[in-house]
Amino acid sequence: MSVTSPTIQTALSHRSIRKFTDQMIDEATVQTLFECARAASSSNHLQCVSIIRVRDQKLREQLKHCASNQQYVLDAPEFWVFCIDFHRHHQILPQAQTDYTEVLMIGCVDSGIMAQNVLLSAESLGLGGVYIGSIRNQIQQVGELLQLPEHMVPVVGLCLGYPDQDPPLKPRLPSAVLVSENHYQALNPQILQDYDCVVADYYWQRNQIDMDWSRNVIKSLNQPIRPNVLPYLQQQGFAKK
């Protein structure tokens, strides 16, 4: 019998939710989720993440346009943007050496940890959500709209609300691919082929789309990916070394 708990069941039940009811999230719940964000692990206790809670609908509309016009950015009861924030650290130490690439990696890792803390906690309360990585499509415009100073970068958005859809679980890579022991194990072609069949069936059953995981990888990575990001990072004082 597998080991389980309410937390494990919540984690294993994750689906991205892109359609929400009109029910707002009460402020006590919002503040609880902020506390869950604050409790997230942080490298060297630097606490280098800030959350921008976007409530202004005009601003939401502008951010939606920056994020591939995904309507749920506008419609979700809550939309938060997780940002790397070393601006406050420069207020403490103006000569802080945050232009090293490792500092950027610290900020990205901490942002991801905090965002996942929030979403898992939200899902445990019956909420649903979806991450919005497409805010980086126009990362500079997003930074300007949010009035981010130097040494801050928007990493990912998060829509939150009460689900108005019940999508199936999306098939993930099997643990035989995900987990290696002692040293890296190369991808097994047969396992990949089997997984592609499972994913193809998922896409066809859900949206009548002819797609599998391998073709999705090719579609996503066989082209330049947001080449505007590096100049913006360097403009903001990151990834110069």
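Note that this is a predicted model, so its numbers are computed, not measured.
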Task: Spacing of CG belonging to Leu146 relative to CG belonging to Leu63, to within rounding of 0.5 Å - done: 5.5 Å

- [ ] Taking atom types as modelled, find out whether His89 and Thr98 have a side-chain donor-acceptor pair closer than 3.5 angstrom.
- [x] no

Task: Inter- and intrachain pairs under salt bridge (Lys or Arg N to Asp or Glu O under 4.0 Å), touching residues 83-98, at least two apart - done: Asp85-Arg88

TODO: Identify whether Leu148 and Leu59 are in the same connected component of the hydrophobic contact network (ILVMFWY, side-chain heavy atoms under 4.5 Å).
DONE: yes

TODO: Could you list all the salt bridge (Lys or Arg N to Asp or Glu O under 4.0 Å) pairs where at least one residue sits in residues 179-205, not counting sequence neighbours?
DONE: none

Open item on the list: Distance check, rounded to the nearest 0.5 Å: Gln97 atom CD versus His90 atom NE2?
Closed with: 9.5 Å

TODO: Sequence neighbours left out, what passes side chain to side chain contact (heavy atoms under 4.5 Å, CB included) with Ser5? Give chain and number order.
DONE: Thr7, Ile8

Task: Rounded distance (nearest 0.5 Å) linking atom CG of Leu233 with atom CD1 of Ile139 - done: 5.5 Å

Task: Pairs where residues 114-130 contributes a residue and the test side chain to side chain donor-acceptor pair (under 3.5 Å) is met, not counting sequence neighbours - done: His14-Glu123, Gln116-Tyr131

TODO: Quick one: closest heavy-atom pair of Val30 and Ile25, and the distance?
DONE: CG2-CG2, 3.8 Å

Task: Minimum heavy-atom distance Pro163-Thr21, with the two atoms named - done: O-CG2, 3.5 Å

Task: Side-chain (Arg136) to main-chain (Val155) donor-acceptor, under 3.5 angstrom - done: yes

TODO: List for me each residue that meets side chain to side chain contact (heavy atoms under 4.5 Å, CB included) alongside Gln9, sequence neighbours excluded, and say none if there are none.
DONE: Thr4

TODO: Could you list all the salt bridge (Lys or Arg N to Asp or Glu O under 4.0 Å) pairs where at least one residue sits in residues 20-44, not counting sequence neighbours?
DONE: Glu27-Arg53, Glu35-Arg38

Task: hydrophobic_cluster_shared for Val229 and Phe86, side chain cutoff 4.5 Å - done: yes

- [ ] Verify the cluster assignment for Val198 and Trp204: are they in a single hydrophobic cluster under the rule of side-chain heavy atoms below 4.5 Å apart?
- [x] no

Task: From CA spacing to verdict: side chain to side chain contact (heavy atoms under 4.5 Å, CB included), Leu119, Leu127 - done: CA-CA 8 Å; Leu119 183 55; Leu127 295 163; over 6 Å; no

- [ ] Looking only at non-hydrogen atoms, find the nearest pair between Leu160 and Ala122 and report the distance.
- [x] CD2-CB, 3.9 Å

- [ ] Return the minimal non-hydrogen interatomic distance between Ser180 and His183, and the atom names on each side.
- [x] CB-O, 3.2 Å

Task: Straight-line distance of Cys66 SG to Leu145 CG, nearest 0.5 Å - done: 5.0 Å

Task: side-chain hydrogen bond (donor to acceptor under 3.5 Å, both in side chains) partner of Glu144, chosen from Gln147, Gln140, Gln141 - done: Gln140

TODO: Might you point out which heavy atoms bring Cys83 and Ile52 nearest each other, and give the distance in Å?
DONE: SG-CG1, 3.9 Å

Check residues 105-115 and write down every donor-acceptor pair under 3.5 Å in which the side-chain atom is one partner and the other belongs to a residue at least two apart or another chain.
from   : atom 1 : to     : atom 2 : distance (Å)
Asp110 : OD1    : Ser43  : N      : 3.3
Asp110 : OD2    : Ser42  : OG     : 3.1
Asp110 : OD2    : Ser43  : N      : 3.1
Ser111 : OG     : Gly107 : O      : 2.8

Task: Spacing of CD belonging to Gln235 relative to CD belonging to Glu150, to within rounding of 0.5 Å - done: 8.5 Å

Task: Spacing of Leu104 atom CG and Gln234 atom CD [to the nearest 0.5 Å] - done: 10.0 Å

- [ ] Specify whether Phe34 and Trp80 have parallel, tilted or perpendicular ring planes, treating 30° as the upper limit for parallel and 60° as the lower limit for perpendicular.
- [x] parallel

Task: Members sharing Val177's hydrophobic cluster (side chains within less than 4.5 Å) - done: Leu173, Leu187, Ile191, Leu192, Tyr195, Val199, Tyr202, Tyr203, Ile209, Met211, Trp213, Val217, Leu221, Ile225

Open item on the list: Going by the rule side chain to side chain contact (heavy atoms under 4.5 Å, CB included), which residues pair with Gln71 if we only count those two or more places apart in sequence or in a different chain?
Closed with: Lys64, Leu74, Asp75

Task: Pair His45-Gln47, side-chain donor/acceptor within less than 3.5 Å - done: yes

Open item on the list: If hydrophobic clusters are built from ILVMFWY residues whose side chains come within less than 4.5 Å, do Val54 and Met24 share one?
Closed with: no

- [ ] Show which residues join Ile92 in its hydrophobic cluster (side-chain heavy-atom contacts under 4.5 Å, direct or indirect), or state none.
- [x] none

Open item on the list: Under the rule for side chain to side chain contact (heavy atoms under 4.5 Å, CB included), what residues qualify as partners of Pro149, not counting sequence neighbours?
Closed with: His87, Met152

Task: Common cluster, Val103/Leu230, ILVMFWY with side-chain heavy-atom separation under 4.5 Å - done: no

Open item on the list: Are more than 12 heavy atoms, taken from residues, nucleotides or ligands other than Gln31, located less than 6.0 Å from that residue's CD atom?
Closed with: yes

Task: side chain to side chain donor-acceptor pair (under 3.5 Å) contacts in which one or both residues fall within residues 161-170, not counting sequence neighbours - done: Arg15-Asp166

